[in-house]
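Structure record follows, encoded as structure tokens.
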Amino acid sequence: MKKSVELSRRDFVRFGAGSVAVGIAGRKAELLEPKTLFPSSSVPPSDTVRFGIIGTGTQGCDLLRASRSVPGVECIVAADLYDSRHETVKQILKKDIDTTRDYRRVLDRKDIDAVIVATPDHWHARLVIEAAQAGKDVYCEKPMSHTLEDGYAMIDAVQKNKRICEIGSQRVSSILYAKAKEIWDSGALGEVDTIEAVWDRNTDSGAWVYPIPPDANDATVDWNTWLGSAPKRPFNGRQFVSWRCYKDFGAGLPGDLFVHLISGIHFITGINAPPLRAFSTGGIYYYKDGREFGDLQWTVYDYPKFQLVLRCNQNNKYEDQMFTFYGKKGTMFIRGEGAPAALGAGASLAFQPQPPFQTREDYSIGSWPQKARDEYIASWNREHPDPPLGAYKVESEAEVYAAPPGYNDLVEHQANFFNAVRTRKPVVENEVFGNVAAISGCHMSNYSYFNRKVAVWDAASKTIKSE
Ligand SMILES: NC(=O)c1ccc[n+]([C@@H]2O[C@H](COP(=O)([O-])OP(=O)(O)OC[C@H]3O[C@@H](n4cnc5c(N)ncnc54)[C@H](O)[C@@H]3O)[C@@H](O)[C@H]2O)c1
């Protein structure tokens, strides 16, 4: 059954600017139905998927919280190099599970089917490869790879060992993106030559200036292991928490946010290969705190059929998250976290058709002599008679959709993974999809940013080259 909610004028002002704002004023937004998390409401105990988790920091904890809403799954072992995190895990799960610093203890457990990898990016490849070799299905956080080579090695290990692998850009499982894909696939947008996506922030959290936990030091954290393949150095609390700022561990705004945006766009448009070219620019404008990545970054991509422009900045939050798909016959908008207040929902989508119109060209003919102009107008009017009375279509209505209050695409994405573990059916965001998203969103963008050259994808050699 469809539910709808009236949008107030204030809501539509918040929802978006320009034509869509006019289009949706006073209109009803259709609340989308969440997907069924599991075919039957209760999962028999024999079908419970037992899993372990490696990396229980900010996202690992959020994943564990979300897993509590997924029917028929149970976390029984967790590894993290920082001791305090073991306590948090038990608090979230409200039970005393096996916790360890050593991820190998997770992979050695014969009583788990699957592993979640939620460490910083520089550990993803090793853990996914070893998990696949240990016969575990893997849910790995985004960006899938820290380097181009990592991605292909991960695909190899997953496929050789016939494992299920899901990458963690959860919007790909969202009902809102499924609706956006339906609109895209219907052809309602006409030919699309431009897609834009922005994700702007203006907080310490958004800029990765996280507080260092007071008890984090080289006694409570296995720092040498945390460094992985990076050059050894004394414990550094800033790098431990703000690792996204440093090349040895993270990939800046492209690794954190572009990959999310591009995963959504690839999902909606059905793209399954990196773009032809990417040009990236930006800089450190405010956070001159020793970080190695910009607090503003733009990338313009050439895809075979459209241009994509991504921008993330950490010094102004006006739009939050906003996607715009510009088509010959209409415009599609997706708003992220800043959904209309009345909906109390996490995100919303609008499609504003551009009405088919035929107008007489009246601009250039201003330079024609009067007689020629009159003849042109008379001839045009004869060829384009007015429609009969009552057949006028005054305006094209915007379609507006929203996720219901409390909707959580992280739960949906985890359910997608765990159902695949159970049924061996494909996931929505496998290792091949995740690799293309990481190459496009992360590696091509950063290649161009740091080399100050256009990054060109060489499909034959699977490498990035300069133009
Ligand atoms: N999907 C999303 O919306 C989303 C949101 C945030 C983060 N992420 C991703 O999740 C991952 C983790 O990010 P975070 O913000 O939670 O980082 P975090 O620093 O808060 O947590 C990472 C944890 O991993 C642990 N760790 C590191 N190496 C380990 C190892 N070898 N074995 C065991 N534990 C290890 C650390 O001790 C730390 O507790 C990143 O890849 C990030 O991009 C995804």
Side-chain angles (χ1 to χ4, degrees), residues 52-66 77-89 99-107 115-131 139-146 150 166-174 199 205-206 208 210-213 215-218 220-230 235 237-246 248-261 263-264 321 336-337 346 408-414 417 429 434 437-438 441-442:
I53 183 165
I54 304 172
T56 54
T58 317
Q59 180 66 1
C61 285
D62 275 351
L63 287 165
L64 285 179
R65 283 186 194 98
V77 55
D80 198 290
L81 299 170
Y82 173 28
D83 298 337
S84 289
R85 303 257 145 99
H86 302 168
E87 192 187 334
T88 318
V89 163
T99 53
T100 171
R101 282 185 172 191
D102 185 1
Y103 73 85
R104 278 163 293 226
R105 194 153 109 207
V106 176
L107 300 185
V115 174
I116 292 179
V117 172
T119 61
D121 310 348
H122 68 301
W123 263 98
H124 288 179
R126 182 160 157 193
L127 294 171
V128 168
I129 291 169
E130 289 191 30
Y139 180 109
C140 174
E141 265 309 334
K142 49 51 63 179
M144 172 168 144
S145 58
H146 191 45
D150 278 357
E166 175 108 273
I167 306 304
S169 286
Q170 60 272 16
R171 69 191 59 220
V172 168
S173 286
S174 157
W199 192 339
S205 228
W208 317 311
Y210 304 137
I212 301 167
D215 75 335
N217 54 49
D218 52 9
T220 56
V221 178
D222 177 352
W223 176 245
N224 264 342
T225 305
W226 189 94
L227 287 171
S229 52
F235 179 77
R238 178 49 57 212
Q239 294 195 348
F240 176 59
V241 294
S242 301
W243 54 263
R244 288 166 175 79
C245 299
Y246 307 98
D248 282 340
F249 321 116
L253 285 168
D256 205 29
L257 305 184
F258 278 15
V259 165
H260 272 305
L261 298 175
S263 294
Q321 282 184 63
E337 288 149 14
N408 183 348
D409 52 13
L410 200 55
V411 175
E412 199 100 74
H413 203 47
Q414 287 211 342
F417 171 67
E429 189 183 358
C442 212

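Atoms within each ligand, like the ligands themselves, are counted from 1 in listed order.
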Next on the checklist: Restricting to side chain to side chain donor-acceptor pair (under 3.5 Å), what partner residues turn up for E141, sequence neighbours left out?
Outcome noted: Q59
Checklist entry - Who are the side chain to side chain donor-acceptor pair (under 3.5 Å) partners of T119, not counting sequence neighbours? => result none
Checklist outcome for this item: Counting only non-hydrogen atoms and a 4.0 Å cut-off, the residues near ligand 1 are I54, G55, G57, T58, Q59, A79, D80, L81, Y82, R85, A118, T119, P120, D121, W123, H124, E141, K142, P143, G168, Q170, W226, F240, W243, R244, H260
Next on the checklist: If you take the centroid of each ring, where Trp contributes its six-membered ring, are Y82 and W226 closer together than 6.0 Å?
Outcome noted: no
Next on the checklist: Distance check, rounded to the nearest 0.5 Å: H122 atom NE2 versus L227 atom CG?
Outcome noted: 6.5 Å
Item to check | Partners passing side chain to side chain donor-acceptor pair (under 3.5 Å) against T58 (at least two apart in sequence or in another chain) | outcome: none
Next on the checklist: Strictly below 4.0 Å, N to O, side chains only: are K142 and D121 in salt-bridge contact?
Outcome noted: no
